[in-house]
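Comments concern the structure below.
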Amino acid sequence: PAELPSPQEHGLDFQRLLDASAYKEMFRQDMIRWGEEKRHADPGFFCRAAVEGALQPVWVVSDTRRLSDVEWFRDVYGDVVQTVRVVATEETRKRRNWVFVTGVDDAESECGLDQGVAFDWVITNDGDEVALGEQLETLLQSLHRSL
């Protein structure tokens with residue numbers, strides 16, 4: 001299908017689609033396929049949707065998934081774009097109930113930025129709140145200086 005109706009039209013729970021539950025997994029491949037169709041027809045579709053109506057001097061676009069997303073933001077906004085990658089070890093991810101699914105977790109939607117991007121910032125989130133806070137504080141201080 002060219003269009004994916006809203007979760008409400010299918011009686012789906014939107015909040016449950018946002019977490020890492022088995023509920024989301026039932027619909028994940030359909031969501032990925034729909035996203036791929038949209039991106040193939042218009043590589044900037046989701047990027048434009050993310051920035052629509054943004055008026056703040058600094059804003060965060062979370063969860064880009066592909067090199068084309070990063071390239072779109074760099075093309076449109078140039079040097080003001082700061083890329084941030086959040087990483088966690090596979091052990092940590094498994095403790096958070098992540099289970100690798102062939103055909104999903106090795107698809108571009110999940111690992112399209114594993115290569116080809118020189119991130120400005122890499123933040124490690126393995127459960128150490130102090131270390132995470134320190135990394136985020138350094139990032140925020142840098143962003144404040146650039147304003």
Side-chain angles (χ1 to χ4, degrees), residues 1-54 56 58-140 142-143:
E3 293 291 326
L4 180 69
S6 69
Q8 296 83 3
E9 289 178 42
H10 281 259
L12 302 178
D13 182 330
F14 180 70
Q15 289 303 315
R16 290 181 69 194
L17 290 174
L18 297 176
D19 64 24
S21 66
Y23 182 85
K24 174 184 174 182
E25 293 305 313
M26 291 188 305
F27 303 102
R28 190 172 179 199
Q29 287 185 317
D30 288 335
M31 290 188 300
I32 291 170
R33 184 173 35 257
W34 175 80
E36 293 301 328
E37 289 172 4
K38 286 301 224 185
R39 228 173 242 98
H40 180 71
D42 177 4
F45 178 82
F46 293 105
C47 297
R48 280 191 309 283
V51 302
E52 185 177 335
Q56 297 75 18
V58 174
W59 35 278
V60 175
V61 178
S62 63
D63 209 18
T64 56
R65 301 282 182 123
R66 290 161 182 78
L67 182 57
S68 62
D69 294 338
V70 173
E71 289 171 342
W72 186 90
F73 280 100
R74 286 184 173 156
D75 288 347
V76 172
Y77 296 102
D79 293 340
V80 299
V81 171
Q82 293 283 300
T83 55
V84 180
R85 181 174 181 107
V86 179
V87 297
T89 65
E90 192 167 320
E91 268 179 30
T92 298
R93 296 172 73 200
K94 286 179 179 177
R95 279 197 313 271
R96 295 173 178 158
N97 298 320
W98 173 77
V99 177
F100 181 87
V101 176
T102 301
V104 174
D105 290 306
D106 52 0
E108 184 184 11
S109 65
E110 302 303 311
C111 55
L113 296 176
D114 288 353
Q115 299 175 20
V117 178
F119 288 92
D120 299 303
W121 300 88
V122 177
I123 305 292
T124 301
N125 183 11
D126 277 324
D128 182 335
E129 290 182 27
V130 172
L132 178 61
E134 290 171 352
Q135 294 171 85
L136 293 174
E137 183 60 32
T138 301
L139 171 58
L140 288 173
S142 174
L143 294 175

Could you tell me whether the side chain of R85 and the main chain of L113 form a donor-acceptor pair under 3.5 Å? yes
Does the D105 side chain pair with the main chain of V101, one donor and one acceptor, at a distance under 3.5 Å? yes
Do [X] and [Y] have side chains that approach each other closer than 4.5 Å (heavy atoms only, starting at C-beta)?
| X | Y | answer |
| --- | --- | --- |
| F119 | V122 | yes |
| F46 | K38 | yes |
| I123 | L132 | yes |
| V51 | F73 | yes |
| F100 | D106 | yes |
| T89 | R93 | no |
| Q135 | V84 | no |

With sequence neighbours excluded, tell me which residues meet side-chain contact (heavy atoms from CB on, under 4.5 Å) with A118. none
Working to the nearest 0.5 angstrom, can you tell me the gap between [X] [atom1] and [Y] [atom2]?
| X | Y | atom1 | atom2 | answer |
| --- | --- | --- | --- | --- |
| C111 | R66 | SG | CZ | 10.0 Å |
| W121 | L143 | CH2 | CG | 7.0 Å |
| Y77 | Q82 | OH | CD | 15.0 Å |

Nearest heavy-atom pair of D120 and V81: which atoms, and what distance? OD2-O, 3.7 Å
Minimum heavy-atom separation for R96 and G127, please, with both atom names. NH2-N, 3.5 Å
Between K94 and E90, is the closest basic N to carboxylate O distance under 4.0 Å? yes
Does the distance from a Lys or Arg side-chain N to an Asp or Glu carboxylate O, for R74 and D79, drop under 4.0 Å? no
Given the options D126, T124, V130, D128 meets side-chain contact (heavy atoms from CB on, under 4.5 Å) only with V130
Is there a side chain to side chain contact (heavy atoms under 4.5 Å, CB included) between V76 and R48? Walk through the geometry before answering. CA-CA 10 Å; V76 172; R48 280 191 309 283; over 6 Å; no
Among E110, E36, E108, which residue satisfies the salt bridge (charged side-chain N to carboxylate O under 4.0 Å, His left out) criterion with R65? E110
